[in-house]
Amino acid sequence: MRANYQVNATTQFRVLSDDQIEEIFHSALNVLERVGTRVYGEEGLALLRDAGCLVSDDASASSADALVRIPSWLVKEALSTAPERIVVAGRDRRQRVILEKDKIYFGTGSDCPALIDPYTGEVRKYTYEDVYNAARISDALPHIDFHMSLGLTSGVPVHTYDRHQFLAMLQGTSKPLVITAVDKEGLADQYRMACEVLGGPEEFAKAPLFVVYIEPSSPLSNSIEAVEKILYAAETGIPAIYTPCTMCGATAPVTLAGGMVQCLAECLVGVVLAQLKRRGAAVIIGGVQSAIDMATSILSYGAPEMVLLSAAMTDVAKWLRLPMFSTAGCSDAKVLDQQAAIEAAMSVTIAALSGANLIHDVGYLESGLLGSFDMLVMSNEVIGMAKHILGGITVTPETLAVDVIEQVGPGGHYLTQEHTRQHFRMELWFPTLMDRQQRRGWEASGGKTMAERVRAKVKDILEHHQPLPISAEVEASLKELVAHADERHRSKAGER
Amino acid sequence: MANERLFEEMTKAVIAGLPDKARELANEALHAGIDPLAAIEQGFKPGMDVVGEGFARGELFIPDLMMSSKAMQEAIAVLEPEMMKRKQHLQTLGKVVIGTVQGDIHEIGKTLVATMLAANGFEVHDLGVDVSPQQFVNAVREVNADVVGLSALLTTTMLNQEAVILTLKEAGLRDQLKVIIGGVPASPEWAKEIGADAYAENATEAVEVVKGLVQA
């Protein structure tokens with residue numbers, strides 16, 4: 001027997017202490033209670049007012065918006081009913097993400113206007129076909145667990161683009177999805193489409209097919225679309241990500257702690273709204289938190305501040321017992337170059353270590369303007385490496401291998417040991433894109449750079465990967481739902 | 001000689017980005033009976049030039065620029081009534097009406113552009129966020145604008161950049177001014193498609209582009 005023996009089954013990593021987390025949380029409560037948040041739309045305002053918030057209407061405001069001060073007790077109450085775990089399953093119901101404390105999943109980001117054409121190298125707008133292809137790439141990659149559109153579908157009606165985009169995503173992958181929606185109506189249409197795919201609302205209720213991404217506007221504002229979407233999601237049982245993109249130094253304090261306070265306050269507004277609409281509604285917090293680049297004014301997707309903030313907010317989310325939406329695998333580089341690789345490796349590793357649940361934006365280049373197939377495929381390899389590090393080191397009599405060391409003795413070797421054969425596949429990581437050949441071998445195989453190997457794999461997936469098909473019947477009714485949405489909007493525009 | 005020392009301090013206050021100090025120096029100039037226009041041209045403005053050069057060289061950053069420009073604007077606000085009295089006009093490069101279009105409440109990009117334009121000698125009227133096409137038209141009429149700047153962050157709201165241009169046309173104002181668009185989803189192609197005159201990728205570029213527009 002042995003006493004007081006502890007095991008680290010994984011590597012250990014955290015940024016903030018419990019005391020620091022509590023201070024950030026209390027500061028966020030302070031902000032919500034004293035500074036307040038701007039809320040657009042009557043339904044949300046009515047809910048907040050009735051629940052005991054201080055709602056100061058602007059006399060000048062033509063639209064229905066007001067400053068809302070949320071008492072701390074109401075936030076705490078909302079936190080007590082917000083679920084700490086969510087299960088989301090793709091149209092292949094075996095493809096699941098189980099959002100529980102410290103369970104990590106990686107996925108793409110959504111709605112980039114541009115891509116680099118893998119065949120011509122041209123930078124151009126995403127088409128429907130490209131969005132479908134992005135989904136197929138996620139579908140083929142073992143370390144991509146959920147999919148966001150990556151690209152913004154052009155060439156379809158702007159006010160209903162989200163339905164078209166969702167259809168392309170559904171066709172391309174059977175993995176769990178995170179969607180965006182133009183407005184409440186767009187969300188409702190996509191919910192109908194999801195129910196059609198799954199065979200009814202009951203199946204969606206058992207394990208939602210998608211999570212909806214909703215974005216409040218920093219600092220401390222909630223657009224009417226954001227509010228209506230979170231209320232509809234709560235009512236319908238659609239898990240909602242309610243997270244801002246804070247730019248420390250521009251739309252949030254430059255000090256990272258202050259940035260976190262504001263970001264958390266903004267997320268908590270979503271938690272409160274959702275719980276007021278329906279207790280038990282699932283909300284995911286976090287977001288893209290980074291700093292403005294003080295020379296160019298862009299929101300940096302490769303900054304160490306983003307990496308640090310994401311990990312620190314994960315500490316907060318875990319402490320609050322809420323699922324976390326984090327950011328990694330993205331870069332400010334314009335093409336898949338050394339910068340892209342450095343930024344992807346750094347963010348993926350730290351996000352994995354942090355234990356965030358939905359780690360998104362894998363594949364983003366150009367600070368979120370370019371959804372890159374290359375970056376997605378390269379990051380898949382990085383994620384594989386990071387996961388291997390996460391696994392830590394197993395320490396047992398078998399792995400300590402003292403008997404084997406004794407058998408081999410000084411001066412021998414381990415290659416012919418049964419112990420080696422038994423363990424090497426599990427203990428060692430096997431690259432799929434990293435090149436470990438010696439120079440002559442590498443030259444003989446074409447002397448390809450990482451970027452060239454990545455591009456070849458992109459093409460291979462595009463040319464060969466077949467996602468699980470959707471039945472012709474279901475696909476027809478999905479297309480009909482999309483056409484209906486287009487028609488509704490056309491007639492509405494006609495009325496105006 | 002005393003004037004020159006005051007001008008020097010004004011320049012320094014702008015370079016250091018000290019709005020309170022700039023206001024104080026502007027008041028001092030008024031009390032001393034110094035020509036307000038001279039205070040701006042020889043006192044405050046040279047500070048802005050220094051800061052602009054520092055930014056271009058990569059030695060100064062956006063917060064430096066924003067604070068200096070705030071100092072400059074506060075000083076002008078103090079000096080303006082006296083200038084009116086003397087029937088003096090600040091030489092401006094042109095009048096710009098700027099705002100984030102209807103349905104969009106994203107502020108920061110538009111504010112950066114507005115500040116940079118003001119710092120570079122434009123008279124800027126910032127209408128804020130969620131600005132309707134009619135509000136743009138009203139402002140254009142009121143100030144007799146040379147340039148209208150339209151910002152949008154969302155692909156859905158960028159359509160309202162076109163709506164403003166159409167409303168300007170209906171009001172018969174489109175031909176007498178230039179329209180520049182900006183925002184993450186916007187592009188030179190989009191500018192062309194909706195009949196805007198120009199697009200700029202960021203605030204620094206916007207200054208150059210708008211300068212070009214008013215000279216054309």
Side-chain angles (χ1 to χ4, degrees), chain A residues 38-40 60-63 65 110-114 123-126 152-154 156-162 165 180-183 186 215-226 244-247 249-252 254 291-299 366-369 489 493 496, chain B residues 54-67 100 102-113 115-116 128-135 151-163 166 182-190 193-194 200-207:
Chain A
R38 186 153 292 279
V39 176
Y40 288 76
S60 65
S62 50
S63 52
D65 72 279
S110 75
D111 296 81
C112 294
V123 176
R124 57 170 179 80
K125 277 187 188 173
Y126 261 92
L152 180 73
T153 316
S154 66
V156 298
V158 173
H159 288 290
T160 48
Y161 86 89
D162 50 351
Q165 194 159 290
T180 56
V182 171
D183 50 20
E215 191 179 298
S217 315
S218 298
L220 297 163
S221 295
N222 308 270
S223 70
I224 185 155
E225 291 81 11
C245 293
T246 45
M247 295 171 94
T251 62
V254 74
I292 184 176
D293 179 81
M294 288 299 184
T296 64
S297 81
I298 61 122
L299 171 63
E366 208 183 321
S367 318
L369 292 178
H489 265 270
R496 260 185 255 137
Chain B
F55 182 74
R57 278 198 308 271
E59 288 161 11
L60 295 177
F61 296 93
I62 290 164
D64 305 315
L65 214 55
M66 298 288 279
M67 287 308 283
T100 305
Q102 195 159 36
D104 203 322
I105 58 171
H106 294 92
E107 180 131 36
I108 188 77
K110 177 266 305 164
T111 305
L112 265 171
V113 174
T115 310
M116 291 288 281
V129 297
D130 193 17
V131 182
S132 71
Q134 196 53 49
Q135 285 170 306
S151 172
L153 185 80
L154 308 170
T155 45
T156 46
T157 56
M158 71 192 272
L159 295 178
N160 289 331
Q161 293 178 322
E162 186 175 21
L166 292 174
V184 167
S187 63
E189 293 76 35
W190 175 241
E193 200 177 323
I194 63 173
E201 192 171 74
N202 56 48
T204 336
E205 190 181 300
V207 172

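Model, not experiment: these values are computed from the prediction. In what follows, chains are A, B, ... by sequence order, proteins preceding strands, each numbered from 1.
- In terms of the side-chain hydrogen bond (donor to acceptor under 3.5 Å, both in side chains) criterion, B:E193 has no residue partners (sequence neighbours excluded).
- The heavy-atom pair separating A:H159 from B:L159 by the smallest distance is NE2-CD1, 3.3 Å.
- Against chain A, the residues from residues 57-66 of chain B that qualify, each with a non-hydrogen atom under 4.5 angstrom away, are B:F61, B:I62, B:P63 in number order.
- Of the inter-residue distances, the one linking B:H106 atom NE2 with A:S221 atom OG reads 9.0 Å to the nearest 0.5 angstrom.
- Residue with the most contacts toward chain A among B:V184, B:L154, B:L153, B:T156: B:T156 (heavy-atom pairs, distance under 4.5 Å).
- Proximity to chain B is limited to the backbone of A:D293, based on heavy atoms less than 4.5 angstrom apart.
- For the residue pair B:N202 and A:S297, the shortest heavy atom distance occurs at CB-OG, 4.5 Å.
- Considering CD1 of B:I105 and CG of A:N222, their distance stands at 7.5 Å, rounded to 0.5 Å.
- For the set A:D183, A:L369, A:V158, the count of heavy-atom pairs under 4.5 angstrom toward chain B peaks at A:V158.
- Heavy atoms of A:S367 lying under 4.5 Å from chain B are absent altogether.
- Only the side chain of A:L152 comes within contact range of chain B, with heavy atoms under 4.5 Å apart.
- Checked against side-chain hydrogen bond (donor to acceptor under 3.5 Å, both in side chains), B:T111 has no partners two or more places apart in sequence or in another chain.
- Here B:E107 pairs with B:K110 under the salt bridge (Lys or Arg N to Asp or Glu O under 4.0 Å) rule; sequence neighbours left out.
- The structure places OG1 of B:T157 at 8.5 Å from CD of A:E225, a figure rounded to the nearest 0.5 Å.
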